[in-house]
Each structure stands twice: as C-alpha cells, then as structure tokens.
Amino acid sequence: MRFGVVVFPGSDAADCYYVIDQVLGHSVSYIWHQDKDLTDFDCVILPGGFSYGDYLRAGSVAAVAPVMDGIVKYADQGGLILGIGNGFQVLLEAGLLAGAMRRNETPRFRCHDVFLKVENDTLPFTNRYRRGEVISVPIAHGEGNYYIDHQELAALEQEGQVVFRYCTEAGEITPEANPNGSIGNIAGICSKKGNVLGLMPHPERCTEEILGNTAGQRLFLSILNWLGINRQEGVTVHG
Amino acid sequence: MAEQKPIWQEMGLTAGEYDHICEILGREPNYLETGLFAVLWSEHCSYKNSRPVLKKFPTEGKRVLQGPGENAGAVDIGDGQAVVFKVESHNHPSAVEPYEGAATGVGGVTRDIFTMGARPIASLNSLRFGSLDDPFVRHLLSGVVAGIGGYGNRLGVPTVGGNIFFHSSFKENPLVNAMCVGLVDHDKIVRGRATGTGNLVLLAGAKTGSDGVHGCTFASEELSEETEAPAVQRGDPFLEKLLIEACLEVMEKDYVVGIQDLGAAGLTSSSAEMAGRAGTGIEIDVSLVPTRDEGVTPYEIMLSESQERMLMVLEPQDEQAVKDIFARWGVEATVVGKVTDDNIYRLRDGDDVIAEVPVKALTDSPVWYPEQREPEYYQKLRSWKPDGLPIPEDLGIVLSQLLASPNIASKEWVYNQFDHTALLNTVIGPGADAAVLRIKGTPKGIAMTTDGNSRYCYLDPRRGGAIAVAEAARNLSCVGAEPVGLTDGLNFGNPEKPEIYWQFSQAVEGMSEACRTLDIPVVSGNVSFYNESKGEAIFPTPVVGMIGFLPDAGKHVTGAFHHPGDKIILLGKFFPQLGASEYLALVHELETGAVPELDLEQEKRIQECCRLLIRNGSVKSAHDCAEGGLAVAVAECCIAGKMGATIELPFEGREDNFLFGEVQSCIIITCTPRELADVLQTAADSEISALVLGQTGGNHLVIHDAAGCALIKQRVEEMEKIWRGSISKCF
Amino acid sequence: MFEARIYISLKRGILDLEGKTVNQSLKSLGYDQVEDVKTGKYLVLTLSTADQAAAEQAVQEMCEKLLVNKVMEEYTFELREVAE
Amino acid sequence: MFEARIYISLKRGILDLEGKTVNQSLKSLGYDQVEDVKTGKYLVLTLSTADQAAAEQAVQEMCEKLLVNKVMEEYTFELREVAE
Ligand SMILES: Nc1ncnc2c1ncn2[C@@H]1O[C@H](COP(=O)(O)OP(=O)(O)O)[C@@H](O)[C@H]1O
Ligand SMILES: [Mg+2]
C-alpha cells in the first residue's frame with residue numbers, strides 16, 4: 001500500500017508526508033511535479049501550500065504542470081485523489097472537480113478552527129465518519145470561497161457530491177459559520193465517481209493528541225479502510 | 001541657488017568620515033567606492049552608534065552555540081539539536097509601503113535563519129502603531145498584517161506569536177519587527193565566512209534589479225516630508241521557498257564553505273562581511289551578476305536590495321553539483337567572483353577594476369560615542385503621585401473599557417490572518433502567554449514569545465528594559481518553559497540627540513541586568529534608530545524575542561480556567577501601582593508615574609516555582625499579571641476558559657489600584673482543591689508568597705473586596721464579546 | 001513581433017466583490033457620481049511571431065489553457081504589431 | 001454618463017511576480033515565442049456626470065486618493081461618453 005504526495009514548487013508537501021509516514025505508519029513517497037508515471041500508487045495527495053506562489057489564480061499554474069496528465073489519467077482509472085487546500089484549488093483548475101475558487105468574501109487570509117458537517121459518509125475518504133456528524137478542523141486559506149453555478153450546484157447536491165459543509169458547533173448551516181462566503185457553505189466536494197475529493201480545511205493538521213485534535217485522522221483511516229476492504233488486505237493502523 | 005552638496009555628503013557620510021577614508025586609501029575614493037563606504041558605514045550596517053553600548057549584553061551561557069556576530073544566534077536544546085533565532089526590524093520600509101515593507105521584513109529575517117543551515121519552523125513579530133481611530137493607521141496596520149501573512153503564509157512557516165501596542169507616537173513611524181526561529185543539528189550549522197583562497201563566490205536567487213538602492217541609508221535617517229524612499233522592494237515568497245529548499249540541500253551535502261544572505265546594502269555588505277569575518281580578500285565581477293532590467297549600473301548592482309538572494313562560497317570542484325541542485329529547484333545560481341588572499345575588496349566590470357579597497361577599511365567602521373543626557377521629563381514624570389485622582393464609580397465599566405482597549409483586547413483579527421498551524425508543530429498557537437512547538441521525533445518542545453512595553457520604556461527606559469526581559473521570561477515560564485536565550489530588536493529615535501541616546505543606553509543597561517540575574521544570554525539582535533517623524537521620536541521600544549525549552553512538550557498549560565471549583569492562587573508579592581498603567585492612560589488620559597518595581601531575584605524564584613508546578617502537573621493554568629492589572633488578568637483567564645470565577649481581594653487602599661494597577665512578578669495559577677496544600681507548600685519552599693483568591697465556576701466574574709462587597713460582577717460571555725470584537729470592529 | 005493585450009473580467013452574474021468594495025469606498029469619500037465599478041485584470045504579452053494569424057491563435061490557446069478560468073471569467077484581447 | 005477605463009500597472013523597476021510566473025509557465029507549455037509578460041489590473045467606472053472635464057478630474061482624483069498605490073503603481077485612463 002503506497003501513498004504519493006505531489007510536490008509542486010511552493011507546495012507544503014511535508015505535512016501530509018509526515019502524517020502518512022509517522023502517524024499512520026504507511027509507505028509514502030513524493031511525486032515530483034515533472035513526474036509522469038503514477039501507476040504505483042494507491043492514493044495520491046495534492047497537498048496544501050502555495051503552488052507557484054498562487055500567482056495568476058490559486059492552483060492555476062500547477063494545473064498545467066507535467067504531472068497533471070498522469071493525475072488526470074489516474075483519476076479516470078478510478079485512482080483515489082485527495083486535494084487539500086491548495087490541492088483542492090489545483091483539482092478545480094484542472095477540471096477534475098466542478099466549480100472554481102474565489103478570494104474569501106472578506107478579502108483576508110483566515111486561519112482558525114471551523115466546524116464541518118459530514119454530508120456523505122460512504123466515500124473512500126469518509127467511511128470512518130458518520131453522516132451528519134460535526135467535526136472541528138483547522139482552515140488556513142485566503143481563497144476558499146467556492147463557486148459553482150446554480151444548475152451545477154443542484155447536480156452536485158443531487159449526486160451526494162457535497163461532502164463537507166461549514167456549520168456551527170451544533171451542526172447548523174448558517175452564514176455566520178461560513179468563513180469565506182463559499183456557496184452553500186461548501187467546504188469539500190467529490191467527483192461523480194467519488195474517487196476524487198477536494199476540501200479547503202486541513203485534516204492533516206489535526207491527527208495527533210499533542211496538537212490538541214485528532215478529528216482529521218479518520219479521514220486518512222477511511223482511505224486505509226477502503227483500500228483494505230477493496231483489496232482484501234489486512235490494514236494495520238499505527239500512531 | 002542652493003549649493004550642490006558633495007557626493008559623499010549626498011550619500012550620508014560626514015566630512016570627518018570622508019577625510020578618514022581618503023587617509024586609509026591614500027587617495028580620494030571614486031564614486032562607486034564612496035558608495036560602498038557610505039552604506040557600510042551607515043548606522044544600519046555598521047552599528048557605529050550602538051556598538052559600545054551593546055557590549056554590555058551578556059552573550060555567553062552553557063547552551064550558547066553562536067552568539068552575536070553571525071547572521072543569527074544559536075542555542076543548544078539537547079540531542080545535538082539547536083534553535084537558531086533572530087529579530088530584524090523593517091520600520092521605515094513599512095511606513096512607506098506597509099504590505100511590501102512587512103513582507104520583505106519577514107523574508108529577510110527568514111534568510112538570516114536558513115543561512116545558518118537551519119530550517120525555519122516559526123515566525124513571530126512585534127508591532128507598534130498609532131491610534132486605531134486614525135484611518136491612515138488602519139491602512140498601515142491592514143497592510144502590515146496582510147504583508148506578514150502574505151509572505152509568511154506562502155513560505156509555509158507558521159507565525160505563532162507576537163505582540164502589538166498602539167500609541168500615538170507611532171502614528172507615522174510604525175514599528176515592524178519580525179523574528180524567525182529555525183531548527184538545526186549542531187554539526188550542520190554554517191557560518192558567513194569567505195575562507196579558502198581560490199574558492200568560488202556564487203550568487204543564487206533573484207536577479208538583481210535597481211530596487212532598494214540605499215535602503216540602509218534610508219533606514220539611517222529620520223522620516224520627513226523630503227525623505228526620498230528608495231524604489232520599493234517586492235518580496236517573492238515563492239522564490240524564497242525554493243531558495244530555502246535548495247540552500248538547505250547544498251548545505252546538507254556539505255558543499256558550502258560559507259554563506260550569507262543579501263540584506264541591507266545587498267551584495268556589498270554580504271561580500272565584504274564574509275571576507276571580513278574570514279580575514280581574506282574577495283573579488284566580484286559585476287558583469288557576471290544576472291540583472292533584471294536592462295541598464296542596471298555597477299553601482300546599482302552593488303547597492304541594490306533586491307530580495308531573495310544568497311551569496312555562498314564553494315570549493316571549485318563542487319560548482320557543477322551545486323548548480324545542478326539549484327537548477328532542480330528552478331533557482332538561478334551564478335559564479336560571480338572568488339576568494340583571494342590579499343585582504344583586498346576588489347570589484348571588476350569584466351577586465352576593468354572599478355573599486356579596490358582594503359576589506360578591513362569597509363568592515364571596521366569608525367565607532368562613535370554619542371553624547372547622552374537625561375531628558376527633562378524623566379524626573380518630573382516619575383515623581384507623580386495618584387493623590388487626588390478620582391476613583392471611577394463603576395469599576396465594572398472600567399473593566400469593560402480596559403478589555404476593549406486595543407492594547408489589551410484580543411489580537412485575533414491580526415493573528416487569524418497568519419497561518420499558525422502549518423508544519424504540524426504548534427502545540428500552543430498565538431493568543432497565549434507564549435507559543436509552544438513540539439520538536440518532531442522527540443518528546444521535547446520549545447516555547448517562544450516577543451515582549452516589550454513601550455510606555456514603561458518611555459517613563460523609565462532602564463526599568464522598562466529590564467521588565468521587557470523579565471516579562472518575556474515570565475511568559476515562557478507560564479507555559480512551563482525554561483528561558484534559554486534571547487534576541488532583541490532595539491527601536492529608538494535619532495541617536496544623535498543626547499536624550500535619545502540616553503534612552504537607548506539606559507534600556508540596554510536594564511536589559512543586561514535582567515539577563516544576568518535571570519541567566520539568559522543575548523545571542524542575536526538588531527538596532528533600528530532614527531524612528532522619528534517630523535522631529536518627534538517614537539516611544540523607545542526595545543523588543544525582546546525569547547526562546548524557552550520544555551523537556552516534555554506535553555507538560556504545558558495555558559491561562560484558561562479549566563474546571564469549576566478549581567482554586568485560584570496569586571503567586572508573588574502584590575504591590576500594584578497606578579503609575580505607567582494602561583488604566584491611567586485609558587481612563588485618566590495620563591501617561592506618567594513611576595514604572596512598577598522589579599525585584600529580579602524574586603522574579604527568578606517565582607518563575608522557577610511556576611515551572612516546577614507545571615512540570616509536576618500540579619497546576620491547571622498559569623497566566624501572568626500584565627497590562628490592566630489583576631482584574632484584567634483574571635478576566636482573561638475566564639474568557640480563555642469560558643468559565644466564571646469568584647474571588648476576593650483582601651487588599652487595602654484604592655480599589656482602582658488593586659484591581660487595575662500594574663505589578664511585576666505576579667502569576668495567577670489554578671489547581672484542584674486536593675492539590676492546593678501541595679501547591680502552597682511548593683511556593684513556601686521557594687520562599688515566595690502565594691495567596692488563595694477564590695475559585696473558578698459559574699458564568700460570571702465576581703470580584704469582592706476585603707469586606708465582602710462586590711466590586712465587579714460581569715458575565716464572561718459579555719466580557720468575551722467586548723474583548724474579541726474591539727479590534728475587528730475597526731475594520 | 002506582436003503585443004497582445006488580454007483583458008480578463010468576471011462573467012456576468014458573478015459578484016464582483018472587489019468592485020463592490022471599491023464602489024463603497026469611493027462613495028464614502030464623497031464620490032456620489034460613481035454608479036458602478038467593475039474590476040478585472042490584464043496581461044500584456046510580447047510575442048516574437050511574425051505572423052498575425054499565428055499570434056492570434058497562440059494567444060487564444062494560452063487564454064483557454066492557462067490565463068483564464070472559464071468557470072468564472074471571460075476575456076477579450078487586442079493584438080498589435082510592434083517593432084523588435 | 002461617462003465610462004472610465006483605468007489601467008493600473010507596476011512602475012518600472014518593481015518586480016512583476018505574476019508576470020514572471022506566467023511567462024515561465026507559458027514557456028514550459030511550449031510557447032517559446034513569449035518574450036515578456038506584464039500584468040496589471042483595470043477598473044471600469046460608470047459615472048453619472050454630464051461634464052467631461054469634471055469626470056476627468058474626478059477620475060484622476062480617485063486614482064490618486066484610493067485606486068492606485070503610487071509607491072508602486074502607475075496608471076492611465078480613458079474616458080468615453082455612454083448612454084444612460
Ligand atoms: N541589539 C543587538 N543585540 C545583540 N546583537 C546584535 C544587536 N544588533 C545586532 N546584533 C548582531 O549584529 C549582527 C549584525 O546584525 P544585523 O545587521 O541586524 O544583521 P543583518 O546583516 O542580517 O541585517 C548580528 O549578528 C546580530 O545578531
Ligand atoms: Mg544577515
């Protein structure tokens with residue numbers, strides 16, 4: 001079982017690498033932005049950070065990097081792809097997920113914990129959560145204001161592709177709970193087939209007791225669980 | 001018609017200095033050489049005004065691996081690991097262009113850290129602005145905060161702490177001090193030395209433009225209507241991130257003999273300083289330096305302060321390997337010169353020698369001993385007595401006013417714009433007394449803070465300086481960390497004015513005293529003079545950045561009240577006073593009085609006791625009593641824990657004094673009733689006083705006087721709203 | 001040699017937050033005559049192409065591939081020949 | 001009614017971060033003919049002013065006061081009359 005973390009110039013790839021390697025105890029390697037071959041991986045992560053400085057539009061330059069051809073192919077074949085923060089922006093710019101990202105409504109960067117409501121617990125990424133559950137996860141972004149037109153939004157909702165929404169501690173979806181103006185309080189969405197997930201909050205930043213929150217760990221455990229079941233392999237979870 | 005000033009004077013040299021240069025060279029310097037001397041002998045680069053005073057700092061200690069003199073200081077944290085840290089100021093650039101000024105400040109100090117071979121793991125800052133009522137000040141603050149975040153967030157280095165203070169003296173001359181902290185193995189520390197005759201000099205990073213020429217002379221003048229700012233330097237955090245990776249990789253592989261970032265005075269100072277430290281000569285060919293725009297002159301190439309550039313010395317056989325690493329990271333790297341053995345600083349433009357001066361002449365600038373004089377205000381203000389000062393009727397309202405004061409209110413509008421959770425080390429982020437980071441792969445942690453009370457330093461620079469050190473150390477102790485080293489940012493007005501120089505020298509005196517007693521060495525720092533606008537100086541502001549060590553990062557506390565029914569204890573002798581307090585300034589509009597007394601021996605014992613209690617796990621929370629006095633300190637603990645408290649203050653005298661008067665060396669801790677006897681015993685063993693004030697619980701903060709009379713009763717939720725919203729509602 | 005000036009703006013129907021903010025700020029400075037503010041960005045590309053048609057096609061391609069996000073943005077461009 | 005198109009660009013000597021990145025990216029996509037990329041922003045203001053001179057003066061003032069950061073940016077603008 002092997003994870004790959006994509007490194008664009010300017011990505012913060014070390015955080016996801018650390019969590020897979022040290023917290024979950026799984027095999028992981030970096031995928032360089034010029035690499036073409038992704039056949040060896042069970043799950044590919046596009047990490048947070050500021051690929052290419054986020055110049056032009058967040059994620060736009062990364063979306064045309066050489067590695068993206070491989071990523072598109074990998075997604076077509078049903079490979080698991082997780083885009084976090086900037087990774088989510090790259091997936092949108094590359095057209096692997098629907099919609100686009102704008103600057104936060106109050107045009108400032110925001111870093112703090114938010115509450116998320118889990119809207120779909122049947123995905124490779126969410127099977128260790130319960131639908132309707134509220135979790136606390138940190139955000140750190142200046143461009144997390146998700147946009148999609150109404151028709152496409154309706155389709156997303158219909159297909160269960162809205163995976164996480166910003167909410168209050170009690171689980172209400174209110175404007176006050178929305179940190180960036182994102183349409184429908186959307187924090188994360190998946191592809192039609194469910195094998196590509198993008199989200200703005202950072203689950204990799206909350207997987208250890210010492211950091212005060214482990215809510216993000218279950219996202220990674222979900223992936224292991226799903227891979228295990230689908231490959232009929234035993235999965236050991238460390239950390 | 002005004003007489004044309006001679007070139008050397010235009011460039012900021014004095015007649016005496018110019019004569020001295022002619023004497024050293026035995027001839028008149030040419031235009032370029034004059035420029036080299038002007039920048040290297042500017043206050044900003046040479047510390048010519050401050051060197052004798054800075055000698056007072058204690059700089060040695062058992063943990064010190066690198067003291068002042070290199071790009072940053074380094075302190076041992078066991079297991080062969082070291083913490084590298086430094087403060088840098090970017091005040092004048094931020095006054096002119098707040099976003100880029102602050103951003104390039106962060107970029108610059110971060111380069112000082114990875115220059116040492118260390119990986120940057122955290123940033124902090126210390127900021128001073130005018131009053132928030134002023135739209136121009138809000139513009140400066142928004143820009144500076146966005147700039148710090150814009151650069152630091154893109155770098156992926158979390159900004160975990162800082163401090164900020166508002167006062168009208170900073171209206172046009174804000175202070176923007178940035179601190180960076182890095183982690184390195186002892187045997188990987190690299191220094192800024194150009195050793196080895198025949199070794200190559202490599203310039204890596206951004207192309208050189210004509211921006212920032214004379215930035216350091218700009219920093220060595222007062223701001224005035226006529227001040228001509230150099231072309232604004234723009235930072236490119238994206239390039240810096242690649243530069244960090246590439247530089248750390250070449251250093252990791254031991255290809256680097258010496259390395260230095262290009263900061264103030266760019267290529268000139270970095271190359272001269274590297275040769276100066278090594279006692280060698282150096283030769284640079286300006287025609288080899290990649291330039292950004294056409295027509296950049298040799299003079300501009302040498303003095304440009306274009307950002308994101310590094311200079312390093314390599315052995316010739318490693319050239320290709322090093323270039324390959326830079327190429328892989330997409331960073332340009334070019335050989336521009338070589339190390340020589342003739343102690344001469346030589347610049348070429350192709351075959352032509354365009355400057356040739358002894359290295360020592362550039363780096364050993366003349367030292368000045370400016371005159372100092374005690375300012376008239378000093379004795380007058382410190383003898384102020386509160387007699388006759390009315391006591392406000394509703395002390396609850398006063399508490400609300402203080403919680404809403406931008407100097408006390410929550411700073412989350414500021415720090416939520418900073419990524420403080422990147423890199424997965426942040427155990428305690430901004431908002432607490434100090435930040436705590438775990439060291440991955442070990443149980444260890446480090447704590448860090450920046451402190452400094454500008455008002456105290458104005459009223460009494462010596463005691464104010466000592467308090468800055470004591471308070472920083474106390475803040476570290478309050479999270480359970482032992483202070484191990486400090487870096488300073490010394491921000492003052494024009495040192496050529498005797499009163500200003502007196503403030504400077506007094507402050508350093510006080511800081512040194514505190515460092516000695518508390519046994520905390522100074523390992524790096526920065527001096528920023530000429531913080532004046534229209535002839536008016538800022539409040540003198542020595543900033544302290546301090547690092548603490550925790551053997552076990554898990555054994556920390558914050559100030560938040562935890563459990564209902566916990567006992568609230570005041571550690572330390574409680575002698576509050578109204579002089580110099582935030583209360584006096586805010587409610588009575590008086591900035592006067594003596595600064596709270598500081599007994600350093602007492603301070604030391606209290607901090608040790610606090611750390612001991614945290615390490616044993618006997619206390620649940622700890623928070624120091626600072627601006628706003630005891631009432632504000634307890635209110636902050638309530639707000640942080642979303643929990644009420646009922647306390648009784650058995651003190652004599654004016655209520656406003658024991659509620660809001662300020663005091664040093666006092667810490668509020670909590671423990672369970674079961675632990676109480678132990679805690680009191682530990683305090684007694686440490687020979688410090690401990691007074692049980694009351695207990696936690698409920699939705700209100702209730703404060704009684706000795707007679708049981710309620711002085712204050714406030715809903716915690718209400719206090720929280722006031723405290724949280726005060727700064728954000730200005731934007 | 002050609003110079004392409006590419007103007008990128010938000011599609012109709014997508015809220016121009018920056019424009020709205022600027023509009024409000026101008027009003028609060030007393031510029032009541034300001035009816036509407038729209039914001040956009042532009043790029044000036046210098047192309048070492050001799051052939052106008054080729055330049056035109058290249059610019060269009062670059063816009064579609066990288067420079068413009070068609071979910072939110074639309075663009076126009078002008079091309080003019082410039083001296084080397 | 002007038003429409004003002006204001007073009008804001010970086011002053012000479014000031015690093016164009018976006019332009020640099022876009023240039024490199026276009027090159028790596030194979031557009032070797034791209035010699036240079038400059039980026040800027042533009043604003044379209046609609047003004048309910050009848051008088052051209054007044055409109056011109058107002059736009060210039062707004063630029064100086066708010067729209068342009070004169071430390072780093074410079075601007076030009078075009079004014080044209082439009083129907084209500
Ligand atoms: N106030 C100070 N206290 C202690 N060391 C100082 C102080 N100011 C400067 N130094 C030391 O002097 C050296 C040069 O500082 P500085 O000019 O600020 O560095 P840089 O060239 O990186 O800007 C550094 O080693 C710094 O640590
Ligand atoms: Mg340096």
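From a predicted model like this one, the values you see are computed outputs, not experimental measurements. FYI, side chains are in, hydrogens and waters are out, and symmetry mates aren't considered; it's all heavy atoms of this structure.
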Completion exercise
So, the part of B:Ala553 with a heavy atom under 4.5 Å from chain A: the answer is both
Fill in the blank from the handout: Only one of B:Thr426, B:Leu424, B:Asn425, B:Thr421 passes side chain to side chain contact (heavy atoms under 4.5 Å, CB included) with A:Leu211, and that residue is B:Leu424
Completion exercise
Residue set satisfying side-chain hydrogen bond (donor to acceptor under 3.5 Å, both in side chains) with B:Gln307, at least two apart, ordered chain then number -> B:Arg111, B:Gln233
Completion exercise
Highest number of heavy-atom pairs under 4.5 Å with chain B among A:Gly10, A:Gly49, A:Ala140 belongs to A:Gly10
Handout entry: Side-chain heavy atoms of B:Phe238 within contact of A:Tyr55, under 4.5 Å
Key = yes
Exercise for the section: Residue by residue, scan residues 106-117 of chain A and write down, ordered by number, those that have a heavy-atom distance under 4.5 Å to chain B; if none do, write 'none'. Expected result: A:Arg108, A:Phe109, A:Arg110, A:Cys111, A:His112
Handout entry: Short side-chain to backbone donor-acceptor contact, B:Arg154 and A:Gly53, under 3.5 Å
Key = yes
Practice task
Measure A:Glu209 against the heavy atoms of chain B and call it side chain, backbone, both or neither at under 4.5 Å.
Solution key: neither
Exercise for the section: Would you mind reporting whether B:Val427 and A:Ile210 have side-chain heavy atoms less than 4.5 Å apart? Expected result: yes
Handout entry: Max heavy-atom pair count under 4.5 Å with chain A, selected residue of B:Ile428, B:Leu423, B:Asn153, B:Leu242
Key = B:Asn153
Handout entry: B:Glu717 atom CD, neighbour heavy-atom count above 12 within 6.0 Å
Key = no
Exercise for the section: Using a cut-off of 6.0 Å, state whether more than 12 heavy atoms not belonging to B:Lys444 lie near its atom NZ. Expected result: yes
Problem - Lys/Arg cation over aromatic A:Tyr18: B:Lys440, 6.0 Å, 45° cone - result: yes
Problem - Atom NZ of B:Lys721: over 12 foreign heavy atoms under 6.0 Å - result: no
Handout entry: Side chain proximity check, A:Asp12 to B:Lys241, heavy atoms < 4.5 angstrom
Key = yes
